[in-house]
Structures are given as structure tokens and as C-alpha cells.
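A short worksheet on the structure shown next.
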Number of protein chains: 2
Amino acid sequence: MADKHSPDPVENYISLMRLRGESKCSECALLNRCLPRSLADTNLLPIFESAVSGNFAIDAGEDLLSDETKFSLLFIVKSGTFKAINRINEANIQAFYFSGNLIGLEAIGQRQFDSRIIALERSVICAVDYDKLLDLLNRLNQVKKHFIETISLQHLESLRLFAIIRSGSVQQRVAAFLLFISEQQKRRGQAFLDMVLPMGRTDISNFLGVSPESLSRTLTSLSKKRLIKVFNRRVTLMNYDALSKMLSEAD
Amino acid sequence: MADKHSPDPVENYISLMRLRGESKCSECALLNRCLPRSLADTNLLPIFESAVSGNFAIDAGEDLLSDETKFSLLFIVKSGTFKAINRINEANIQAFYFSGNLIGLEAIGQRQFDSRIIALERSVICAVDYDKLLDLLNRLNQVKKHFIETISLQHLESLRLFAIIRSGSVQQRVAAFLLFISEQQKRRGQAFLDMVLPMGRTDISNFLGVSPESLSRTLTSLSKKRLIKVFNRRVTLMNYDALSKMLSEAD
DNA sequence: CGCTAATTTGAGTCCGTTCAAGGGCGGTGG
DNA sequence: CCACCGCCCTTGAACGGACTCAAATTAGCG
């Protein structure tokens, strides 16, 4: 397969992890949107922290893990973006992960990842030991609740994206994608009409199940309709409502 | 919207539930494939059973719940089949649920269902109180593990179906669907080459994001290639390997 | 500044949809 | 038991959107 990615991601992150000692949730900017959010300002936070293996940075284009990585760590994206590509179909992007997202929820059940996870830009990751976490849940009832809810919400989000992308025209898919990215930014408390796509056109088109050419044409078409403005990877939503309406309308 | 479905599903299943007192997991044929499977032959089973609200039957075409139903119960399909259709796009089938599947995992996070769930044939449902279950998980460590793994696996399954359906041609989508159904049968311990589709052509085509005509043509085309045999809703896989290969090949 | 890879644009083709009509199955009532 | 009817599924023909192939332009990077 590809020869560009790190030879042994598993070993890699363990060594990389040592580059940063920072694993204090109390000092993490993400705390109030993360699994232990209910523990802020309580004396239970250190209990959760004992499951945190550490933080580390990863460069653009580097693999976080491969489809042969055994599952033992859950990753939280502190900053940056990742893409998941499938082993079976290289040209198939399974998901994107943004700041605040958990990576590995789909791997819990089979104790094995089934996709390569690649950083799209320099990113920072927090690693949580799953077995330790599972044990701690009994003492951290709120975290138990949040954890299960998080998996559920991520599942729901997948289903919704699924529905839109499956049934719509290229225009609808692209609109849905832009709104999806916008939603991610909003969740992070950033401006949601002005955005910089962290991934290239090819990645987007693969994700949408569309040819890159069709994507390109659609973007210019939406620009001409004054619904968006495109400048390379910088996209501005000029008419949010009109874009939203496109999703539910016939065509 | 449609006026055919039960006026108030929430009230409905509570009354229907009384029709059957059977809520003994120990007497359930599904036990070894269900959440409390690790508790079989232990004295912990009654603890789990205390979260089971009851069993009830539901007729073909009836709603199990609507998109306005507040989430409080998790449903386990004891027998039969269900489809989930989206509120926003009536013609969009979000998922199928088979014997052994859990219904409601996507609703946990937002405490609200977002699709109508309709029985495709006469089916039997087991209802579990989610909050009770959550409390019990501390005492039932194995169930806690299984429960989270189940959500994870269901999520993974969605992602995989998603990937195939999104990227493939109609042939690939149809092949993937047939293999998916086959997989379900296998999981249930039934013959997996010979199957009866519980849903109509329109439901399948909606699920695959394809016109009913295309689906029909594809089925006859696959028949002519001797890959399958179709007789109404009865489908036989004549060449399992060839069908599998179709998923990964270019076209 | 020049290279390479990514993106855009253009033209032609094909696949899947749409629209329309014909069959077949199951249900209902005589 | 059989005839009728409605619905679902299949088949056919024509259209259209998205893909493919090919070329030009642009961005990113040393």
C-alpha cells in the first residue's frame, strides 16, 4: 500500500507522547466540551486524569494510526483535523475529525481500528486509556453518562450526514458538507460563516462520493448564485438559509 | 404527514406491554446474543431484568414510535423487522432493524427520537428502561462493557454501509445490500444464502438512494449473470464470492 | 523563479433517472 | 373457487446529470 505513512504508528505515539508532559485536564482549553466536563472544579478530576495517557502533536500528512492498530487508546482531538480512510477502498474517506471529536469510538466493539487516521494539518491529540476509563466510569457517574451520550451523538451525526449525502444531488451534498463544516466551527465557538477547509478538494469529493470535477463545478456554480464565496480553501457562506433549504427541497 | 400511524405511540406501547407479562430474560431465546448475555446462569440476571419494562407485539405497518417520542426506553427486536424513516425527508430510510438489534441508541444523546420506526411485519419487541439500565451498569460490569461495545459496533456497521453505498454504482450498492441482509441472517444463525427480504422494493431503493426502477433492473441483471436468483421477495445468493468482490472492484 | 501537484474548465459519453406502460401478485367479495 | 381490482414490481424509451478523459490554469513549495 502507501509507503509514505509512519511505519509503526502504535510505537510512534507512545514515544511522541513523552514530548509533552501536559496531561492535566484542569489546564486544558477543551475541558468544558470534553468527557470530564462535569468534573470541572471538583476533586474527581484527578481520577479521570489517571486514564489520560498523555498529549502529543502530530504533523500534517502523518498517520495517527493504521487499520492494523489494536484498539486500546481513545483519542481526543485537541486541535487540528484528521481524516479516516478505509483499507478496502483507498479512495474512500470514512470520516473527518475536528477539534473536540473522539477518535476510536467505532473501534471499541471489535478492539481494532479499521481505517487509517491521517492528520490533515499539524494537530494535537490527547490519548485516553480505554480500559482504565471503563473502570473509572463506576466512580464517575456523570462521565459514564456523557461518554455513552457522546457515542450516541456521534452515531446520530453519522446517520444524518449519511441520509443527506446518500439521497441528494451533488449540489445538495456540497451544501450539506459546507453546513456540516460550519456546524463544527460553531460548536468550537468560532465564526461559522467564514471558514477555512482543512482538507483538499479530492478529500471532500471522496467523502461526498462525487468526482472532484463535479465538486469544483458545483462550488463555482454556488458562487455564481451568490450563495457562497470561494477563495481556494477559504469559503464564506453568503446565504445560510438558502443553503439550508437546498437540503430539504426536491432538487 | 401520514395519518395512518398510531396517534400516540408512547401511550400505545405502555398499554400493549400489558398484553404480555413475559419479561424473563432467562426464558428468552435471544439471551445469548443480547445485552445480558454474560449473565446467563448467574444470579445477576434478575438485576438486569429489573430494567426490562416488558415485551409486546406490534403489527405490520404499525409505528413503534414517532420522531416526537421522548427517549426513555431502549427497544430490542426479539423478532421481526423495522424501518426507520426520517421526518425531514419522508422518502428517506435511515436504517433497518432486525432480530437482535437495539433501537434507540442514536436517541440516547439527545433524549429524543428523530425518526419514525415502523414494523415491516408482525414483530415482537422487548423494552428496557434506559435510566434504570444506566444505574445498573455499575453492578453489572460485563453488561456495561457489552452495552458500550454494542453501540460501537452498530456505529461501525453504519459507517461501513455508508462507505459502500455512498461511493459505489447501483450494482455495488445492491450487492452490498444483499450481503448486508445475508450477514444479518448469518448472525441469527439462519441460512445466509437463502433469504426473504422483509421489505418492499421501494424501501430498499430508498435505503440505497436509488430509483426503484434501477433497483429492479439491477436485480434482473444480477440474475442473468447467475449471481443471484430472485423470486419476489425471496433471494438466493448463487455466487457469494463474486458478489463480495464487486464491492472492492472499480466497477 | 521554476517545478510539481492540485484545481478548474471543457467536451463527449454513459449511467441512472424520469416518464409511461405493461404485467403479476395478493386481497376481497361474489 | 374464481373473478375482479389495486398495488407493487418490472420493462421500455428518452432525457439529463454526473462521470470520464484531456487540457489549461493556478497554487504551493523549494
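Naming: A, B, ... by sequence-line order, numbering from 1 per chain.
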Checklist line | Below 4.0 Å: OP1/OP2 of D:dC8 and any side-chain N or O of B:Thr202 | finding: no
Margin query: Would you say A:Ser214 places a side-chain N or O within less than 4.0 Å of OP1 or OP2 belonging to D:dA18?
Written below: no
Rounded to whole Å, how long is the line connecting atom [atom1] of [X] with atom [atom2] of [N]?
{"X": "B:Arg173", "N": "C:dC15", "atom1": "CZ", "atom2": "P", "value": "15 Å"}
{"X": "B:Gln171", "N": "C:dC15", "atom1": "CD", "atom2": "P", "value": "10 Å"}
{"X": "A:Arg201", "N": "C:dA6", "atom1": "CZ", "atom2": "P", "value": "13 Å"}
{"X": "A:Leu208", "N": "D:dC19", "atom1": "CG", "atom2": "P", "value": "10 Å"}
{"X": "A:Arg234", "N": "C:dT7", "atom1": "CZ", "atom2": "P", "value": "17 Å"}
{"X": "B:Glu213", "N": "C:dC15", "atom1": "CD", "atom2": "C1'", "value": "14 Å"}
{"X": "B:Arg217", "N": "C:dC15", "atom1": "CZ", "atom2": "P", "value": "13 Å"}
{"X": "B:Leu215", "N": "D:dT11", "atom1": "CG", "atom2": "P", "value": "12 Å"}

Next item on the list: Could you tell me which non-hydrogen atom of A:Val77 sits nearest to which non-hydrogen atom of A:Leu30, and how far apart they are?
Entry: O-CD2, 3.5 Å
Note to self: Classify the ring geometry of B:Phe98 against B:Phe180: parallel below 30°, tilted from 30° to 60°, perpendicular beyond 60°.
What the structure shows: perpendicular
Checklist line | Mutual orientation of the aromatic rings belonging to A:Phe56 and A:Phe75 [parallel < 30°, tilted 30-60°, perpendicular > 60°] | finding: perpendicular
Note to self: Assess, by modelled atom type and distance only, whether the side chains of B:Thr81 and B:Glu121 contain a donor and an acceptor separated by less than 3.5 Å.
What the structure shows: yes
Next item on the list: Can you figure out which of C:dG16, C:dT8, C:dT17 approaches the side chain of A:Ser216 most closely?
Entry: C:dT8
Note to self: From the set D:dT20, D:dT11, D:dC9, return the single nucleotide nearest to any side-chain atom of B:Thr220.
What the structure shows: D:dT11
Checklist line | Derivation of the side chain to side chain donor-acceptor pair (under 3.5 Å) call for A:Ser205 and A:Thr202 | finding: CA-CA 5 Å; A:Ser205 67; A:Thr202 314; 5.3 Å; no
Next item on the list: Please confirm whether the backbone N or O of B:Leu105 pairs with a side-chain atom of A:Ser152, one donor and one acceptor, at under 3.5 Å?
Entry: yes
Note to self: Checking A:Leu120 against A:Phe96 for the side-chain contact (heavy atoms from CB on, under 4.5 Å) test, could you report, in this order, the C-alpha distance in whole Å, the side-chain angles of both residues, the deciding distance, and whether it holds?
What the structure shows: CA-CA 9 Å; A:Leu120 292 170; A:Phe96 291 114; 4.1 Å; yes
Next item on the list: Do nucleotides 23-30 of chain D as a string where each nucleotide becomes B, S or -: B if the base has a protein heavy atom under 4.0 Å, S if just the sugar-phosphate does, - if no protein is that close.
Entry: ----S---
